[in-house]
2 protein chains.
Amino acid sequence: MKFVIIGGDAAGMSAASKAKRVDKYVDVVVLEKTFDVSYSACGMPYNIADPDRLIDDLIVRTPEVFREEQGIDLRLGHEVLRIDPKEKMIEGRLNDRDDFQIKYDKLLIATGARARKLTIPGHDAPGVLVLRSLQDGRRLKSYIEEHEVRSALIIGSGYIGLEMAEALHDRDIKVFLTDIRTELAPWMPHEMANLIKEELESKGAELLLGKEICELRSVDGSIEVIFRDSELKVDLVLVGVGVEPCSELASEAGLELGPYRSIAVDEYLHTSNPDIFAAGDCSDAFHAITGVRVWIPLALRANRAGWAAGENIFSDSVLLPGVLGTSVFKVMDYEVARTGFSLGEAAIAGFDPVEELIRSRSKAHGHPNNQFVYVHLVADRNSRRLLGANIVGKEGAAHRIDALAVALHTGMTVDAFFNCDLAYAPPFSPVWDPMLTAARQLQKKIAFPEKKPTFEDEKNLLLL
Amino acid sequence: MKFVIIGGDAAGMSAASKAKRVDKYVDVVVLEKTFDVSYSACGMPYNIADPDRLIDDLIVRTPEVFREEQGIDLRLGHEVLRIDPKEKMIEGRLNDRDDFQIKYDKLLIATGARARKLTIPGHDAPGVLVLRSLQDGRRLKSYIEEHEVRSALIIGSGYIGLEMAEALHDRDIKVFLTDIRTELAPWMPHEMANLIKEELESKGAELLLGKEICELRSVDGSIEVIFRDSELKVDLVLVGVGVEPCSELASEAGLELGPYRSIAVDEYLHTSNPDIFAAGDCSDAFHAITGVRVWIPLALRANRAGWAAGENIFSDSVLLPGVLGTSVFKVMDYEVARTGFSLGEAAIAGFDPVEELIRSRSKAHGHPNNQFVYVHLVADRNSRRLLGANIVGKEGAAHRIDALAVALHTGMTVDAFFNCDLAYAPPFSPVWDPMLTAARQLQKKIAFPEKKPTFEDEKNLLLL
């Protein structure tokens with residue numbers, strides 16, 4: 001069998017490795033249009049923050065290892081231009097020069113997502129950069145160093161924008177962050193999102209929210225940023241306005257598309273063509289709560305879907321149930337984590353959502369270095385099922401969210417969650433973990449809708 | 001209604017506060033034999049570690065607050081000696097002098113647990129101390145200071161013993177730790193327990209395992225410890241050989257007892273007498289996996305049971321489903337967490353348990369300050385249900401365990417857990433969280449029983 005994979009990033013290489021482990025005699029060909037495979041893309045902001053590390057430190061496994069130790073026919077510089085599902089063949093171009101054709105028995109599309117581009121004048125001026133591929137990372141890091149960047153404007157307040165605000169701040173670069181939206185992290189309650197805003201500002205970042213950019217002008221190595229109502233001059237502009245799925249090959253081959261023009265796949269990663277699979281950021285998934293198709297490009301799902309596809313090309317043995325969009329990122333000293341639906345998303349999904357936000361502590365009463373922990377829960381008023389959660393804090397937010405993710409996967413009610421036997425020791429939480437306090441307050445909120453949000457303190461926890 | 005509570009610690013005061021909030025006209029009398037209520041007992045090792053903090057900093061709420069702000073009739077120095085269920089009356093002694101009698105409509109026994117005592121000669125010699133009550137904490141902390149303690153022997157390697165090893169080490173006291181058992185943390189696989197042993201030894205603690213003590217002798221302000229085969233001289237002996245429930249009052253009143261002579265209660269905290277409740281470390285609980293009665297005295301359950309009893313004296317409205325014994329403690333730089341059954345406990349409970357231990361990382365490949373994280377899972381071979389977990393590591397062990405606790409509460413299989421959408425960002429975990437890696441390796445172990453434990457590295461995670 002010949003298994004051809006388009007794209008050599010997380011999903012593609014996971015699939016290739018898995019297929020070879022299932023059957024070492026299968027012929028696995030990976031076509032990667034760049035010259036980088038198997039790197040930690042999510043690690044780029046942290047690498048860029050550190051002048052002493054090479055961006056190539058993020059490479060997890062070299063092409064040689066895939067080729068020599070795993071027997072994968074990994075071809076770099078191979079851009080695929082067309083899929084012919086009838087002939088079971090793909091066509092492409094090598095190093096922008098030579099055409100190539102390859103027949104396949106099973107095909108995996110793992111083309112990922114690309115950074116969305118601005119469309120304003122000057123969007124491609126020198127010093128206007130994006131961060132998506134390792135090559136983008138190289139370009140950005142060397143630009144910072146070669147141009148002695150002292151100030152930067154980040155356009156967009158998604159994960160990348162916020163993580164890069166920290167990274168650039170760590171490089172002693174004055175950070176401006178702008179978004180056309182008036183609110184950071186709009187999936188959270190205002191009080192919670194405001195923590196992130198205050199944290200950024202306290203570290204010297206300047207936020208320009210609700211502002212529209214009209215033009216970027218490259219002038220003498222600087223960039224003039226023309227807002228509708230003001231101007232700004234910086235050494236670097238980083239555009240982080242989201243990503244879009246690389247689904248054109250699939251679309252042109254007549255495959256069905258899902259939300260946001262991602263490639264529609266079933267629970268076994270089949271596209272609408274029985275011999276073509278898709279996995280990773282180019283493809284969609286089912287939401288674990290509603291079963292509805294969603295496009296939430298995140299690293300774990302990409303690795304998992306690739307891994308599953310590498311098994312399922314032989315026979316449909318790995319079913320992937322669904323995603324919650326569980327994620328976490330770090331902004332300066334804050335951990336910001338979420339899983340499941342926001343209040344708005346829950347309402348759109350047809351629930352009658354009720355939310356509660358509480359403030360508790362990262363450690364027991366009286367324990368040194370106690371930090372605030374904020375927990376926001378969303379549940380359905382009628383079924384009492386938990387639908388989503390946000391946790392923000394200077395410690396213990398990142399890992400706590402997984403307990404709520406597991407709860408969401410099992411359809412747990414807020415009542416069942418409140419009854420969970422969670423861990424306690426003074427260095428790690430109050431006796432009632434902040435998640436339990438939040439669950440309790442949400443129970444009360446469901447019973448008494450007029451109830452105000454409670455910022456609980458350890459002293460008040462007997463008031464549960 | 002007159003609600004009388006015996007014991008003013010976590011369970012008792014939670015019940016008193018709750019009952020008053022449900023109905024401010026209910027007459028709540030709390031009889032506490034000591035002069036301390038509402039303190040963070042679990043915080044004592046950390047407080048003792050810090051010479052600049054007073055032990056009384058651990059008091060969360062003073063008697064005055066309970067009396068004046070909450071209207072609770074809190075009586076200190078009141079030791080209860082007898083319960084007369086027929087007359088619905090209790091008898092006791094005030095300040096070791098005066099007898100008292102009180103009638104009740106509903107009674108809560110929240111007498112807690114006491115430190116188990118050694119029975120060897122010299123067990124009560126000066127300088128041989130325990131740590132259970134706040135008064136014990138005062139005594140221990142002032143003993144350390146007044147006697148300029150430079151060396152200490154801890155007898156027993158339970159939570160208290162291990163936490164106090166850290167606390168005494170922080171006070172520059174040479175720590176010896178002995179146990180009649182040959183292994184620390186015997187609920188874990190040997191390789192995992194060994195991490196704790198090595199950590200203690202690397203910090204200068206001396207472990208004397210598998211040793212039996214014959215006698216303690218107080219000589220000139222020091223204590224001579226006579227082992228069967230050797231001797232040791234230290235300035236202080238701390239006995240931490242476990243606790244036992246204070247259930248004599250209940251037993252003498254004819255109430256049914258549960259495991260380890262704890263007081264048997266149903267899911268509403270009723271004892272076998274309809275007007276008498278029990279909550280906290282003196283009482284038992286149902287195990288969330290098997291429904292079997294267990295006695296696992298831990299702080300969250302004590303608070304929760306008190307809280308529930310304070311509601312249920314009016315009508316049975318709060319049902320507590322069961323416990324997992326989820327717990328965490330800190331030993332020097334290690335976080336040590338567990339939930340559910342060990343391999344041995346699972347076998348005793350009638351399962352056909354299979355276990356897996358993996359080593360992964362606390363952060364993504366290439367991220368600075370990456371630490372090892374060890375995850376041990378136990379599942380039932382036939383049903384594939386997760387039964388227990390241990391996590392040990394220098395960061396991210398404490399909060400991760402809660403995700404597994406939630407999974408255990410819902411009866412999740414290892415397969416469903418492996419499919420959970422958990423959070424990922426480079427500062428917090430590898431793409432595949434160590435818990436997911438462990439679940440995957442356990443799946444393989446079930447399929448291929450001869451499989452060796454895998455110490456996975458981020459580099460190998462594509463090998464999932």
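Residue numbers start from 1 in every chain, and the chains themselves are labelled A, B, ... in the order their sequence lines are given, proteins ahead of strands. Bear in mind that the values here come from a model prediction, so they are computed numbers and not experimental data.
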Of the backbone (N, CA, C, O) and the side chain (C-beta and beyond), which part of [X] lies under 4.5 Å from a heavy atom of chain B, both, or neither?
X        : result
A:Phe417 : side chain
A:Asp433 : side chain
A:Leu324 : both
A:Leu319 : backbone
A:Asn419 : both

Side-chain heavy-atom pair [X], [Y] within 4.5 angstrom cut-off:
X        : Y        : result
A:Lys363 : B:Tyr46  : no
A:Asp421 : B:Arg301 : no
B:Leu300 : A:Leu436 : yes
A:His399 : B:Asp402 : no
A:Arg304 : B:Trp432 : yes

Calculate, to the nearest 0.5 Å, the distance between atoms [atom1] and [atom2] belonging to [X] and [Y] respectively.
X        : Y        : atom1 : atom2 : value
A:Tyr424 : B:Cys42  : OH    : SG    : 4.0 Å
A:Ile401 : B:Leu422 : CD1   : CG    : 10.5 Å
B:Ser40  : A:His365 : OG    : NE2   : 7.5 Å

Heavy-atom pair count under 4.5 Å with chain A, highest-scoring of [options]:
options                                : value
B:Ala423, B:Gly411, B:Ala425, B:Ala16  : B:Ala423
B:Gly322, B:Ala337, B:Pro321, B:Gly306 : B:Pro321
B:His367, B:Met435, B:Glu163           : B:His367

### Task
Could you look at B:Phe428 and say if it's the side chain, the backbone, both or neither that has a heavy atom under 4.5 Å from chain A?
both

### Query
Given a strict heavy-atom distance threshold of 4.5 Å, which part of B:Ala407 is in contact with chain A: side chain, backbone, both, or neither?
both

### Message
Using modelled atom types and a 3.5 Å cut-off, is there a donor and acceptor pairing between side-chain atoms of B:Arg53 and backbone atoms of A:Pro368?
### Response
no

